[in-house]
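To start, the structure under review is shown below, and the notes come after it.
Quick note on labels: first sequence line is chain A, next is B, and so on, each numbered from 1.
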Amino acid sequence: DVKVTQSSRYLVKRTGEKVFLECVQDMDHENMFWYRQDPGLGLRLIYFSYDVKMKEKGDIPEGYSVSREKKERFSLILESASTNQTSMYLCASSFWQGYTLQYFGPGTRLTVT
Amino acid sequence: SQKIEQNSEALNIQEGKTATLTCNYTNYSPAYLQWYRQDPGRGPVFLLLIRENEKEKRKERLKVTFDTTLKQSLFHITASQPADSATYLCALDINAGGTSYGKLTFGQGTILTVHP
């Protein structure tokens, strides 16, 4: 079974702090994604990566950056956390098999105070 | 712009009834459509995929239809149980066959509650 893990289930940070969210997948998938999920807004794509050191902006990249130094690991960085970044953050991975399925991690509930 | 809409934010039904969730999309012709289940505080989990040339797909008590003329998919849960209570998301690969890098576009989800 594909396993996607995220470094924390719950995280509380202060405004202005630099925050790192880590995601690891164990199935050698090429593609990895970071989403945030807010009530009424659904899943919104922040960034994705299709190979090591390759990244593309999603729909809401402002205030975030990412790093993919190894194929299995994709990190989301909040350079200076703000209260409007309080959200559920979900990581996913996928590979092309004639179609694509996404495999999600359990999520990190981030609260910025 | 591309749009996916799940036209019920919440659906409440009695145990044993059939739940029917709707997913509509505009402005593109996807090669396939997927449904995911998400429990509170967890990540979505893939349930079913239906291709454009398939009218219907079944898996145990789940049934998905795909009408490419209406640009609509229906997701049915028959003989529903309280354990089916969750958020259900539809998703499309809007660049299937191209360089989508596995990106999916998700609907906002329908929260299904099955009452005992």
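Judged purely by atom type and a 3.5 angstrom limit, B:Gln34 uses its side chain to pair as donor or acceptor with the backbone of A:Thr100.
Only the side chain of A:Leu90 comes within less than 4.5 Å of a heavy atom in chain B; its backbone stays farther off. Heavy atoms closer than 4.5 Å to chain B are found nowhere in A:Phe95, neither backbone nor side chain. Neither the backbone nor the side chain of A:Arg44 comes within less than 4.5 Å of any heavy atom of chain B. Neither the backbone nor the side chain of B:Gln6 comes within less than 4.5 Å of any heavy atom in chain A. For A:Gln37, the part lying under 4.5 angstrom from a heavy atom of chain B is the side chain only.
Between B:Phe46 and B:Tyr36, the ring-plane angle classifies as perpendicular under the 30° and 60° cut-offs. Ring planes of A:His29 and A:Tyr103: tilted class, angle from 30 to 60°. Ring-plane geometry between A:Tyr99 and B:Tyr32 is classed as perpendicular, the angle between the planes exceeding 60 degrees on a 0 to 90 degree scale with a lower cut at 30. In this structure, B:Trp35 and B:Phe75 have parallel ring planes: the angle between them is below the 30° cut-off, well short of the 60° mark.
The candidate with the highest count of non-hydrogen atom pairs below 4.5 Å against chain A, out of B:Asp39, B:Leu104, B:Ile111, is B:Leu104. For chain A, the option among B:Ala91, B:Gly41, B:Gly107 with the highest count of heavy-atom pairs below 4.5 Å is B:Gly41.
The pair B:Lys103-B:Asp93 fails the salt-bridge criterion, with no side-chain N (NZ, NE, NH1 or NH2) lying under 4.0 Å from an Asp/Glu carboxylate O.
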